[in-house]
Amino acid sequence: MLKMEDLYVKVGGKEILKGINLHISDGENYILFGPNGSGKTSLLMTLMGFDGYEVVQGRIYYNDHDITSMPAYERARLGIGMSFQRPPTIHGLKTRDMVRLCAGDRKVDIEDLAKEVNFSELLERDINAGFSGGEIKRSELLQLMAQDPSLILFDEPESGVDLENMALIGRIIKSILDGPLEPRNGVSMKELKSRHQTSGLIITHTGYILDYINADRGQVLYEGKLCCTARPRDILDHISKYGYKECVRCLN
Amino acid sequence: MSQLNECESPRVDLGKYSFDQQEQSALKDLRQLSDEDRKRLLMAGVDTNQTQRSGSYLHINHSKVHCSSSRKDVEIMDIKEALDTYDGLPEYYWQAVDKEKDEFTRAAAEKVHGGYFIRTKKGAKIQDPVQSCLFIKGENVGQNVHNIIVVEEDSELHVITGCTTSENVTSALHLGISEVYIKKGGKLTFTMVHNWGSEVMVRPRTMAIVEEDGVFASNYILLRPVKSIQSFPTVYLNGARAVARFNSILVAPKGSYIDSGNKIVLNAPDTRGEIISRTITTGGTIIAPGIIEGNIAPAKGHLECKGLVLSNGIIHAIPELKATVPGVELSHEAAVGKIAQEEIEYLMARGLDEEEATSTIVRGFMNVDIMGLPAELHASVEKTIQETEKDMF
């Protein structure tokens, strides 16, 4: 699904990512750990194709398309979606209309989707205007549900979220990534699952999200380099005990 | 005013325009207008089918051609008729606007071509708007109109005024005096849509006086090219708890010079005033002054001017607050600049290309929704915005 080959990225003239090799398969959930400033968000921004993230070497492939120099909207149309950590407010653009824009040509029942993320009351509000931490997350998820991407980039889905919201957000992320939680319309779960091949690339600091989703694989990004492929749980346990000291040793 | 490197406001040469033209023949039904004219009127918010309208007034060049009301509790007349009928309207005629203010008020006082007189009955709630249209057909026509709106005690009214020139007219002069009187507990929504030609000069002079518990909500929409507009509608909140709100959306393409602002004077306790202006230049000049003056406490006012400079044009926002007694609360926020890259990228990450993203943000910026217009007027404004957008980027 996604392949990054020997990727070097500069931001504001400074090299942030230094030779990233990463492969995410169809339906796989990949967790990215790393201390502040290690380049995690830059990796996501580069994948989405934002201005200011200059690929100086290497390639990015998505389902056999070389997307290295593709503009963000084309990547989005190919099926890459992103949940922003601090999305901007757009005055005068109602959340409802934003969700409709995300859906593109697909027909979606906005009311239904909003109900799922407990957002019905907020549909008439300008997008992100005065949203709380939990509301931002739920609005991002609502937009992604309408957009229905095949690869979703999550930038710290648990930041600024209280415990009550965390359960809801965790459950929704799971259903987006792993498909519907219940069989419906006479279709078996097995069939539903095989149709559902959404992959996730998730940045987490706290690891709370691991309580909710099936995380297949994790890695640590440290000073622009990837290291320590392991089960996400194990990485988290290690980091919470020893911090990122080991990464220094490992990478040198 | 500060020393800015601005091109000076275009001057009006009154001698250039014809103020004496034949009277237009009356129209029984607005649908008798040509399709072309009807389209121009619609772009100015005037519905010639008159669906969901409580009444209509149409003035072409120098005379009234149509005046009708579907309700007994709202009176709609030509101003000249009203002056005859009501002995010169001594309470209202030239009572809010100073006749000697400038050469344009003097010109309008010297020869009035017409204009509307709209008055509600006490307590009447007029749900559907009354629409009026001041229409200029003919090159270099100079139009003087004098409008008076009286909202009697505890009554409610929405007046839509569309000012427009016909398709083939590029140059004209519109001088409009408007005097608005809102009595105790009265409520007026006043929506004005301008749809001029590229060489048209416009010099309206508008004053409103609001008594106790009265509400004056004004919407002003100018999306199409004009040579020059200079207007500064002012409202005096003279009764306790009176409220005034000005909301304007101005777009200046190349060649337009728009000097349009508002003033609210808080003259009674617990009055509130709000001025919101959103301006966009795509090459023209916009001067957007706003003044809120508080002369008694407690009183509150807020001023918000936002400007988007989309190409080489000028936006000069001049928010002013003046408090003359302690205890007045006034605030303002002003921002002039470009569209945030961050917002464009957010939308691009959702699959919108750059142009779609920009247009979505600009639409949001204009935010017609907050005006709370009737559905069909809202739709016609949206349509005009859509057409205007084609020339924007």
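What you see is a predicted model, and the numbers here were worked out from it, not measured in a lab. Note on naming: letters A, B, ... go to the chains in the order of the sequence lines (proteins, then strands), and numbering restarts at 1 for each one. Heavy atoms only: backbone and side chains are in, while hydrogens, waters and symmetry mates are out.
Counting heavy-atom neighbours within 6.0 Å of A:D109 CG, excluding the residue itself, gives a total above 12. Atom NZ of A:K40 has more than 12 heavy atoms from other residues, nucleotides or ligands within 6.0 Å. By the neighbour-count criterion of 12 heavy atoms within 6.0 Å, atom OH of A:Y212 is densely surrounded, having more than that number from other residues, nucleotides or ligands. Open room surrounds CD on A:E121; 12 or fewer heavy atoms of other groups in view lie less than 6.0 Å from it. Sparse packing is recorded around CG of B:N312, with 12 or fewer heavy atoms of other residues, nucleotides or ligands lying under 6.0 Å away. By the 6.0 Å contact criterion, NZ on B:K322 is open, its count of non-hydrogen atoms from other residues, nucleotides or ligands being 12 or less. For B:K39, the NZ atom counts as loosely surrounded, since its 6.0 Å shell holds 12 or fewer non-hydrogen atoms of other residues, nucleotides or ligands. Taking a 6.0 Å sphere around CD of B:E387, one finds it holds more than 12 heavy atoms contributed by other residues, nucleotides or ligands.
Your options are B:E342, B:M366, B:R363, B:Q341, and the one with the most heavy-atom pairs under 4.5 Å with chain A is B:E342. Among the candidates A:K94, A:R77, A:R75, the residue making the largest number of heavy-atom pairs closer than 4.5 Å to chain B is A:R77. Your options are B:D353, B:D369, B:I361, B:T360, and the one with the most heavy-atom pairs under 4.5 Å with chain A is B:D353.
Heavy-atom neighbours of chain B within the stretch residues 47-56 of chain A, taken at a separation under 4.5 angstrom, comprise A:M48, A:F50, A:D51. When the heavy atoms of residues 82-92 of chain A are compared with those of chain B, the residues falling under 4.5 Å are A:M82, A:F84, A:R86, A:P87, A:P88, A:T89, A:I90, A:H91, A:G92, listed by number.
Looking at A:L78, neither its backbone nor its side chain comes within 4.5 Å of chain B, counting heavy atoms on both sides.
Here CD1 of A:I127 is found 11.5 Å from CD of B:E343. Values are rounded to the nearest 0.5 Å. Annotation: the span from A:E140 atom CD to B:R350 atom CZ amounts to 4.5 Å, rounded to 0.5 Å.
Every side-chain hydrogen bond (donor to acceptor under 3.5 Å, both in side chains) that A:T41 has, sequence neighbours left out, goes to A:D155. Checked against side-chain hydrogen bond (donor to acceptor under 3.5 Å, both in side chains), B:E376 has the following partners two or more places apart in sequence or in another chain: B:R53.
When all heavy atoms are compared, the tightest approach of A:Q143 to B:Y346 is NE2-OH, 3.1 Å. Of all non-hydrogen atoms in B:A349 and A:A76, the two that sit nearest each other are O-CB, 3.4 Å.
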* side-chain contact (heavy atoms from CB on, under 4.5 Å) between A:M45 and B:E345, worked out -> CA-CA 10 Å; A:M45 296 299 195; B:E345 291 194 328; over 6 Å; no
